[in-house]
Amino acid sequence: MKQFLVFIKKEFLQVFRDRKTLLMLFGLPVVEIILFGFALSNEVKKSNIVVIDYARDLASQQLISEIAASKYFEIEDAALTHHDIETAFKANKAKMAVIFPAGFYNKLVHFNKAQVQIIADASDPNVATTLTNYISAIILDYQAQLSQKNNPPYAITTEVKMFYNPELKSGPNFVPGVMAMVLMLVCVMMMAVSIVKEKELGTMEVLLVSPFKPILVIFSKMIPYLIISLFDIIVILILSVYLLDVPIRGDIFLLFAESIVFIITSLSLGLLISTVTESQQAAMYSSLLGMMMPTMLLSGFMFPIENMPKALQIISYIVPSRWFYIIVKDIMLKGSGFSAVWRETLTLAGMALALLGISLKTFKIRLE
Amino acid sequence: MRILKLLIQKEFLQIFRAKVVLRIIFLAPTLQILVLPLAANYDYKKINLSLVDHDHSSYSQKLVSKILSSGYFRLSGNDPSFDAAFHQIENDQSDLILEIPERFEKDLVRNGRQKLFIGINAINGIKAGLGGAYLSSIIGHFNGNILLEWRQPGVNPSSPTIDIATSFWYNPLMVYFILMVPALLVNLLTSLGGMTSALNIVKEKETGTIEQINVSPIPKYIFILGKLIPFALIGLAVFTIGLILARFVYGIVPAGNIFLLYLFAVDYLFALLGFGLLISTYANTQQQAISLVFFFILIFSMMSGLFTPIDSMPGWAQTVAHFIPTMYFIEAIRMIILKGSSLYDVLQDFGAILLIGIALNTWAIINYKKTT
């Protein structure tokens, strides 16, 4: 036991000696969560649109001024022809075009039927759908004003209530997701590199010929990273509550316990990488180039997993951050207890055991 | 010139000697381009709906079947009470609750108005917004049908209606992979280029071989060029593989000029390798270099408009994004591939990347000291 403590102390000394890396270990997750928590959002804000008014009559002018008054649209200089729409789209100067055909008002008054054409730049489908929904609402609203039936019969109204995040802010969704992603990548990479580095420099041999058990060498390497990561989590949670207004509705100790399980899982994954790679560069490329994108996309905080093809859903099961994201979201935002997240916890713990088992099995305790 | 050639040759020998690294450099991006774009999809098709029907009338049945036949919703439960439905939301089995009150049909007919309750799990803002919008518009249509049913014959039915004809250009099927494949390719290129260039010089520092170069008469710009060119070539090779996969796996044919894409790739790699070099001048160990690279690459990819539009960011974040070369490349590659924009349309992006590249490379060369 005393030996073990000495080894942990040695690891701490090594970690603390490299000031630049240490700064990154502490600073990186914190800075990024704050940055992304504030910056990332899918909300479609004021967008430039072009209006082509062939009608130039009462109705079209009224509608245009309604559109201009909306907080979602900014009308660019009125374009003149269809060709101008394409030019504006190609230069990313407008996202949508609204076209009023000639005689708009006349048709509306005399035939009770008129047409508006909307052309959306659908290179981002989400933006295109949202903008067409907004403009349709404005047009329908105008139509209702025209029909002047303030009290239509058989009206069904809806009362909508948003749970957990009534203002539809993006922070509550992104904070747990970014936390899971950043922590996982940092833990995997640092753990893998710290062991491979000793292999590369040859100091691992010294450790292996010592009477100290190899398994304890590994555990003593995990502990400093576990403690640093827990410290990161504390800072992140404080900042997300006081700076990003993301609440912690559930039990904070449960959250910590779950974080420990998740960090151990990530460190074990790093350990596995370190046993199969021989150079620091190989370890870095596999943990960063190989894992960054899959972790981002398959954690489920950006893109819904249930929308993905079945094969990708299955791959996402083996991404630890996916489970931790669900756990953090449930505990922080919904205030759920352990009974709601025990399956995810068990999955993470199972993963940690499996990863540890495989890595200990493949960890070479003999010299080449 | 001869020295440069020899240096490049040396780099390639080193790159090809590290077989494992070489394999990851080519395999990781290829696999990810093959698989991941299908994951990047905001199109919510299956929103789970919990239904609490206190009415059980023909109207409530009709409304429910109309909602389910829309294709956007999947009935996750038919619950007896609101609490039971809310429990489903808590367990993530359901995203939305629709509560139909008792006497829904009777009161609608008798009093002329009725209220439905919709509860939405709003943690994921987009999903909540879309789900609410779909449901409201289906209810609106349902309402219209009822109006038609009860309208008295003989009374002039028509009030002014405005038809909205919508067309979606460049991506009429509204699929995501068309914009995700090029952007993911840019992102993979970013991690790859940033890492290779940052780690390479630092490795020479760590193993001490840089001293030998330092005492040699090679001028530092030649040394740096000798480092840049091999990695630029690897980057271009990966870029080409990505474009080929986009063409043959996803059927994405660039609407614009392919040479323009390569022009941008070269411009971007110049900036990116400058970034890597700059990091390598500050870091002493590979561990330091990789944590710096990781820090910046994550910011590059999250704030470059890859996943969330730049226009949706708050003002200060947009300012930050304008210093990120990745943002310009993603914007340009999407414009060129989807809309066929010309060099004139994307000239600003090109210039911005070039400026950032010049700044980073100059900084790196000034900061690189041959003496230790």
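Chain A is the first sequence line, chain B the second, and so forth, proteins listed ahead of strands; every chain is numbered from 1.
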Enquirer: Does any part of the side chain of P125(A), heavy atoms only, come nearer than 4.5 Å to the side chain of L179(B), both counted from C-beta?
Expert: yes

Enquirer: Below 4.5 Å, heavy-atom pairs only: which of P304(A), S136(A), S316(A) has the largest tally toward chain B?
Expert: P304(A)

Enquirer: F294(B) versus chain A, heavy atoms under 4.5 Å apart: side chain, backbone, both or neither?
Expert: both

Enquirer: Under 3.5 Å, is there a donor-acceptor pair between the side chain of S191(B) and the main chain of L289(A)?
Expert: no

Enquirer: With a 4.5 angstrom heavy-atom cut-off, is it the side chain or the backbone of L312(A) that approaches chain B, or both, or neither?
Expert: side chain

Enquirer: Where does T285(B) contact chain A at under 4.5 Å (heavy atoms): side chain, backbone, both or neither?
Expert: side chain

Enquirer: So for I310(B), is it side chain, backbone, both, or neither that comes closer than 4.5 Å to the heavy atoms of chain A?
Expert: neither

Enquirer: Under 4.5 Å heavy-atom distance to chain B, tell me which part of K107(A) shows up: side chain, backbone, both or neither.
Expert: neither

Enquirer: Find the distance between CE (M96(A)) and CH2 (W169(B)) and round it off to the nearest 0.5 Å.
Expert: 13.0 Å

Enquirer: Looking at K339(B) and D121(A), is any side-chain nitrogen of the basic one under 4.0 Å from a carboxylate oxygen of the acidic one?
Expert: yes

Enquirer: Hey, does V31(A) have a side-chain heavy atom less than 4.5 Å from the side chain of F295(B)?
Expert: yes

Enquirer: Going from CG on L40(A) to CE on M313(B), what distance comes out if it is rounded to the nearest 0.5 angstrom?
Expert: 6.0 Å

Enquirer: Do F174(A) and T308(B) have side-chain heavy atoms sitting under 4.5 Å apart?
Expert: yes

Enquirer: Which value, rounded to the nearest 0.5 Å, describes the distance between M303(B) atom CE and L35(A) atom CG?
Expert: 4.5 Å

Enquirer: Can you say whether F104(A) sits under 4.5 Å from chain B via the side chain, the backbone, both, or neither, judging by heavy atoms?
Expert: side chain

Enquirer: Kindly indicate whether the side chain of F36(A), heavy atoms from C-beta on, has any atom under 4.5 Å from the side chain of I299(B).
Expert: yes

Enquirer: Can you tell whether the side chains of D311(B) and K95(A) come within less than 4.0 Å, N to carboxylate O?
Expert: yes

Enquirer: Contact part of M302(B) toward chain A, heavy-atom cut-off under 4.5 Å: side chain, backbone, both or neither?
Expert: both

Enquirer: Is any side-chain heavy atom of K20(A) closer than 4.5 Å to one of S291(B)?
Expert: no

Enquirer: Is L38(B) close to M308(A) at the side-chain level, that is, under 4.5 Å between some pair of heavy atoms?
Expert: no

Enquirer: Quick one: what part of E331(B) sits under 4.5 Å from any heavy atom of chain A, side chain, backbone, both or neither?
Expert: side chain

Enquirer: Can a donor-acceptor pair be found, under 3.5 Å and without considering hydrogens, that links the side chain of Q32(B) to the backbone of G290(A)?
Expert: yes

Enquirer: Measure the spacing between NZ of K203(B) and CD of E200(A) and express it to the nearest 0.5 Å.
Expert: 6.0 Å

Enquirer: Does F82(B) have more than 12 heavy atoms from other residues, nucleotides or ligands lying within 6.0 Å of its CZ?
Expert: yes

Enquirer: Heavy-atom pairs under 4.5 Å with chain B are the metric here; pick the option from E86(A), K93(A), M293(A) that has the most.
Expert: M293(A)

Enquirer: What part of V127(A) lies closer than 4.5 angstrom to a heavy atom of chain B: side chain, backbone, both or neither?
Expert: side chain

Enquirer: Answer with yes or no after comparing the ring centroid distance for F303(A) and Y176(B) against a 6.0 Å cut-off, counting only values under it.
Expert: no

Enquirer: Examine whether an atom of L22(B) lies under 4.5 Å from a heavy atom of chain A, and if so say whether it belongs to the side chain, the backbone or both; otherwise answer neither.
Expert: neither

Enquirer: Which bit of Y344(B) comes within less than 4.5 Å of chain A, counting heavy atoms only: side chain, backbone, both or neither?
Expert: neither

Enquirer: Just give me the residue among P29(A), S47(A), S123(A), P172(A) that pairs up with chain B most often, heavy atom to heavy atom, under 4.5 Å.
Expert: S123(A)

Enquirer: State, with a plain yes or no, whether a side-chain heavy atom of Q286(B) is found less than 4.5 Å away from one of M284(A).
Expert: yes

